[in-house]
Every structure is written in C-alpha cells, then in structure tokens.
A.B. asks: 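Please read through the structure below; I'll follow up with questions.
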Amino acid sequence: SLLYRLEHFNQLTSSLRVEYFKGHSTPRLAHCVDDQKMLVQGIIFVRHIKEPWNMELSTKLKKFYFFNCKTRSSQYEWPAEAAADFGYTRLSSLHWTWDPRIWNQILQEAPITDKLLEAFLARVNPNKLKNT
C-alpha cells in the first residue's frame, strides 16, 4: 500500500503502466516506481479532516489553509478540532476497486490520466458523464 495526498494524484497516475505479472495471462495495471512494480487493485480516498473543515490552497500565496464551511472562517494554522479520528476516517472513506476486465478495455482508449479521472467521475456520479 502507498499513500498519496489528493493534490499529488497526477504523480500517481503518471507512474501507472500496463505490465504483465507472474500468474496472470493478461496485462494488468501497475504502479511503477524505480525498478519495482505493484499490481493496482484500487484506491481508497481517506478524509483526514473532519467536516465542516476543508483544506484549501491559496492561489495568491500558494499555501494551504483551513476553511470552516459552517462559520466561513479560515486560518493557516492546523485547527485541532479538525483532526479526524480513525472511526470518522473509516466511515467517510471512499473505496474505489478497479476491475481488471474493465481497465483492460479503458486502457486501450485514452491516456491514463484522462481515463482515471473520467472513470472516477463516472463511479462517483454516473449521471455526470451522461449529461456532458
């Protein structure tokens, strides 16, 4: 298992390749770093900040800050009450399992980054792609 922050999602997608693995007759999606390759079976999106807090990026300062959606206040220091405990993190996580049969078809149609984002949007909100 590897851990990436959502703002580094492009770093993850740029390391994806189609590779053959021992014991599999068809190529599989692999996360390749240096000389190692790992079979990708899905992603778990984990929220580490409790609602109503969000972590935002200041476009002017290029620095992260914390925004409270309820009070509409913001601050650059980590708000202690925003820290998510294990239970909150587990219940608010999104599990995105990748079916290799579907990925074999998707990987033949478009660049990996575009495919991942499109597939993610379809999984989270299937109507979003149909209406665009």
A.B. asks: What is the distance from atom CG of L29 to atom CE of M38, rounded to the nearest 0.5 Å?
C.D. replies: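 Going from CG on L29 over to CE on M38, the span is 12.0 Å.
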A.B. asks: Would you compute the distance between atom OG of S74 and atom CD of E56 and round it to the nearest 0.5 angstrom?
C.D. replies: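 Here the rounded value is 9.5 Å.
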A.B. asks: Run the side-chain hydrogen bond (donor to acceptor under 3.5 Å, both in side chains) test against H48 and tell me which residues pass, sequence neighbours left out.
C.D. replies: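 Not a single residue meets the side-chain hydrogen bond (donor to acceptor under 3.5 Å, both in side chains) criterion with H48.
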A.B. asks: Running the 4.5 Å side-chain criterion over Ile, Leu, Val, Met, Phe, Trp and Tyr, what cluster does F64 land in, apart from itself?
C.D. replies: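 Via sub-4.5 Å side-chain contacts, F64 links to I49, W53, M55, L57, F66, W78.
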A.B. asks: Could you tell me which non-hydrogen atom of V40 sits nearest to which non-hydrogen atom of H31, and how far apart they are?
C.D. replies: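 For V40 versus H31, the nearest heavy atoms are CG2-N, 3.5 Å.
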A.B. asks: The criterion is side-chain contact (heavy atoms from CB on, under 4.5 Å); which residues satisfy it with L39, sequence neighbours excluded?
C.D. replies: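 L39: side-chain contact (heavy atoms from CB on, under 4.5 Å) contacts with F21, H24, R28, Q41.
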A.B. asks: Using a 6.0 Å cut-off, check whether atom CZ of F86 has over 12 heavy atoms from anything other than its own residue.
C.D. replies: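 No, not enclosed.
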A.B. asks: Scan residues 62-79 for pairs that pass salt bridge (Lys or Arg N to Asp or Glu O under 4.0 Å), counting only residues two or more places apart or in two chains.
C.D. replies: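 Qualifying pairs, neighbours excluded: none.
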A.B. asks: Under the side-chain hydrogen bond (donor to acceptor under 3.5 Å, both in side chains) test, which residues partner S58, sequence neighbours left out?
C.D. replies: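 Applying side-chain hydrogen bond (donor to acceptor under 3.5 Å, both in side chains) to S58 gives none.
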A.B. asks: Does E81 CD have over 12 foreign heavy atoms under 6.0 Å away?
C.D. replies: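 Enclosed.
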A.B. asks: If the condition is side-chain hydrogen bond (donor to acceptor under 3.5 Å, both in side chains), which residues does T89 pass it with, not counting sequence neighbours?
C.D. replies: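 Testing T89 for side-chain hydrogen bond (donor to acceptor under 3.5 Å, both in side chains), a comparison that skips the adjacent residues, returns none.
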A.B. asks: Identify, with sequence neighbours excluded, every residue that meets salt bridge (charged side-chain N to carboxylate O under 4.0 Å, His left out) alongside E19.
C.D. replies: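 Testing E19 for salt bridge (charged side-chain N to carboxylate O under 4.0 Å, His left out), a comparison that skips the adjacent residues, returns K37.
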A.B. asks: How is the hydrophobic cluster of Y88 composed, in terms of its other members, when Ile, Leu, Val, Met, Phe, Trp and Tyr link through side-chain heavy atoms under 4.5 Å apart, directly or indirectly?
C.D. replies: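 Noted: Y88 shares its cluster with no other residue.
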A.B. asks: On a heavy-atom basis, which atom in T71 and which in N68 lie closest, and how many Å separate them?
C.D. replies: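 Where T71 meets N68 most closely, the heavy atoms are N-OD1, 3.0 Å.
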A.B. asks: Taking side-chain contact (heavy atoms from CB on, under 4.5 Å) as the test, write out the residues that go with S25, two or more places apart.
C.D. replies: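 side-chain contact (heavy atoms from CB on, under 4.5 Å) list for S25, sorted by chain: empty.
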A.B. asks: Nearest 0.5 Å, please: how far is CD1 in I43 from CH2 in W96?
C.D. replies: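 The CH2 atom of W96 sits 5.5 Å away from the CD1 atom of I43.
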A.B. asks: Quick one: pull up CG in N54 and CZ in R47 and give me the separation to the nearest 0.5 Å.
C.D. replies: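 Between atom CG of N54 and atom CZ of R47 there are 5.0 Å.
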